[in-house]
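Below: one structure, written as structure tokens.
The first residue of the sequence shown is numbered 1, and numbering continues consecutively from there. Bear in mind that the values here come from a model prediction, so they are computed numbers and not experimental data.
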Amino acid sequence: MQLLLWIQVLLLPSATTLIRPQASRNDVFTLNDVSQTLDSLERLLQYFDKNRGSLIVDSMWAIRMIQGGLEDTVRKAHHDNDASILDRVSSIAAYARQVSERGIFYAKRNAAVQFEKFSELLSKPFVYENLLGGSIGRIDSSLIFPQESRLNIAPKESDDCLMGTIGSGHYKGLKCTITDKCWRQITDKGQREYSITHQLLFFFLIKHYNCSDAINSKGGEKAVAQFAKAFCTNIYNEMEGIFSRGVDPGVDQDLVMEQIMFCGGAGFVEDFVRPNVLEMMLDWQREDGCYAPYDGSHLPQAIALHSKKSRERALQRRKLIDRLADDFNKEQNYFMMRKPLSEAELRDGCMMHMSSVAGGALTIYVRAMLQYKLYTDYNFIQYRIKDVRYTNPEMYIIVFLAVMALLLFIKLGCAPLKCVIRVISSARFSRNSKQFHSV
């Protein structure tokens, strides 16, 4: 019976792949982008805090990433940033610390084995350090891997390498234990999707725990920078492929945000930290702060990105998956799915791993915008999905007419009201003149 249900899920068309970064968006960040991203992070933390009883190891680490990333942002922020913005960043970082302190008990209770493995990571704030020696990197298309790797990295082996690097589990007290086998896995070329992003994670941990000496014989930090560039080039190629065909809700969202989190954090700001992609990510967030497969249903019907038929198909798929989840474990409040990652879906539909990588990606955006002062101090008109873009076509006509009227006022050199009176008087005179001549 379950096999039949899974076949139905696979055969049923998913929601249409229409979610793409908007090419029309001005390629510059604004002060409004900074504010909205901070709003988004704050709402996400509020959701984690309110639902702390359902936190998993990934969500706890996300909270620590938000805390560490924002604290690092304040320390390294460009001197031209307004003090009030940095005060707000500090405030959200402090709130993240409080949420982590209140939630750590529940994360340990909900996933005791995983928590024991990675408790070292959860004990303090975490920062994605630049892997390129502090510089901003660019991808290099000549580094795209010609073929997919045949090396299969098992989750158990990957976890063992992680524990050796951070000194937890059976490596407790033995930080920076990086075996030749682990190094081969970390540096294997041709991995894809979550496997390649998790390879990058090792380099961040090597940097975070000062394990440079352990890899000196393997090329040291220079080798890390070279591998980071090669991996992020291939990750960028994957991400652009997803954007080109359209983001499949619930399938690609999590991966895209993880790609941005890792490669944006590594220093590839220009390629991975982009205004139109940020806009798309902000639209994915639900009003309660969490992230879930996006089908436009939490937006008003008139501005949803998907057709009614597409949303009905997505809902049908969701019901089938929920039924399988109930069969899998009726006693749990959420169920775990093991892909290349662990995911937990709460009863309200919130995806904990997706929400976690969203928190990491949004933090990278805040850090980039403030550290490199990427935003302008002027709030240009934002064609946000939730505001204008799909709301009402008449809006564009009104804006056009308003601009034309303004240009007319400037040309006539008079105040708006006087100009209107002059135009009306002129029109009346012209009509009366025509009537006179016709007589």
Could you pull out the closest heavy-atom pair between [X] and [Y], with the gap in Å?
X: Pro125; Y: Gly68; result: CB-CA, 3.6 Å
X: Phe272; Y: Tyr365; result: O-OH, 3.4 Å
X: Met352; Y: Ser54; result: CE-O, 3.7 Å
X: Phe118; Y: Ile166; result: CD2-CD1, 4.0 Å
X: Gly349; Y: Ala292; result: O-CB, 3.3 Å
X: Phe29; Y: Met369; result: CD2-SD, 3.5 Å

Below 30° counts as parallel, above 60° as perpendicular, anything between as tilted: where do the rings of Trp61 and Tyr128 land? tilted
Sub-4.5 Å side-chain heavy-atom contact between [X] and [Y]:
X: Ser355; Y: Leu44; result: yes
X: Leu131; Y: Phe227; result: no
X: Leu70; Y: Leu41; result: yes
X: Tyr291; Y: Ser40; result: yes
X: Leu55; Y: Phe105; result: no
X: Ile235; Y: Leu200; result: yes
X: Glu120; Y: Lys175; result: yes
X: Leu121; Y: Tyr209; result: yes

Under 3.5 Å: donor-acceptor pair, side chain of [X], backbone of [Y]:
X: Gln36; Y: Leu282; result: no
X: Gln199; Y: Asp188; result: yes
X: Asp288; Y: Tyr47; result: no
X: Asp254; Y: Met354; result: yes
X: Thr233; Y: Ser141; result: no
X: Asp58; Y: His353; result: no
X: Asp140; Y: Ala230; result: no
X: Gln259; Y: Thr197; result: no
X: Arg109; Y: Gly53; result: yes
X: Asp252; Y: Asp248; result: yes

N/O donor-acceptor pairs under 3.5 Å from side chains in residues 260-271, not counting sequence neighbours:
from	atom 1	to	atom 2	distance (Å)
Glu270	OE1	Arg138	NH1	3.0
Asp271	OD1	Arg138	NE	3.2
Asp271	OD1	Arg138	NH2	3.0
Asp271	OD2	Arg138	NE	3.2
Asp271	OD2	Ile139	N	3.0

Cation over ring, Lys373 on Tyr375, under 6.0 Å and within 45°? yes
Could you give me the CA-CA distance, side-chain angles and deciding distance for Glu71 and Lys124, then say whether salt bridge (charged side-chain N to carboxylate O under 4.0 Å, His left out) is met? CA-CA 12 Å; Glu71 289 174 350; Lys124 51 192 173 185; over 6 Å; no
Could you check Val366 against Val34 for side chain to side chain contact (heavy atoms under 4.5 Å, CB included), going step by step and ending with a plain yes or no? CA-CA 7 Å; Val366 171; Val34 178; 5.7 Å; no
Hey, is [atom1] on [X] packed in by over 12 heavy atoms from elsewhere, all under 6.0 Å?
X: Gln98; atom1: CD; answer: yes
X: Lys172; atom1: NZ; answer: no
X: Glu101; atom1: CD; answer: yes
X: Arg75; atom1: CZ; answer: yes

Would Val57 and Lys117 count as a side chain to side chain contact (heavy atoms under 4.5 Å, CB included) if you check the C-alpha gap in whole Å, the side-chain angles of each, and the deciding distance to 0.1 Å? CA-CA 10 Å; Val57 170; Lys117 286 181 181 179; over 6 Å; no
How long is the gap from [atom1] on [X] to [atom2] on [Y], to the nearest 0.5 Å?
X: Asp33; Y: Glu279; atom1: CG; atom2: CD; value: 8.0 Å
X: Asn81; Y: Leu86; atom1: CG; atom2: CG; value: 5.0 Å
X: Ser195; Y: Leu151; atom1: OG; atom2: CG; value: 9.0 Å
X: Lys207; Y: Glu221; atom1: NZ; atom2: CD; value: 4.5 Å
X: Leu370; Y: Ile85; atom1: CG; atom2: CD1; value: 6.5 Å
X: Glu238; Y: Glu193; atom1: CD; atom2: CD; value: 5.5 Å

Run the side chain to side chain contact (heavy atoms under 4.5 Å, CB included) check on Lys108 and Met60 step by step: do they pass? CA-CA 10 Å; Lys108 184 176 182 179; Met60 269 305 304; over 6 Å; no
Let me know which of Ile186, Ile178, Thr187 forms a side-chain contact (heavy atoms from CB on, under 4.5 Å) with Phe202. Ile186
Gln67 and Arg64 side chains, donor-acceptor separation under 3.5 Å: yes
Donor-acceptor side-chain pairing of Thr30 and Asn32 below 3.5 angstrom: no
Derivation and outcome, side chain to side chain contact (heavy atoms under 4.5 Å, CB included), residues Leu205 and Phe126: CA-CA 10 Å; Leu205 295 176; Phe126 186 87; 3.8 Å; yes
Report the C-alpha distance between Arg184 and Glu157 in whole Å, list the side-chain angles of each, state the deciding distance to 0.1 Å, and finish with yes or no for salt bridge (charged side-chain N to carboxylate O under 4.0 Å, His left out). CA-CA 12 Å; Arg184 282 196 300 273; Glu157 292 179 343; over 6 Å; no
Inspect the contact between Lys156 and Asp159 and indicate whether a charged nitrogen and a carboxylate oxygen are less than 4.0 angstrom apart. no
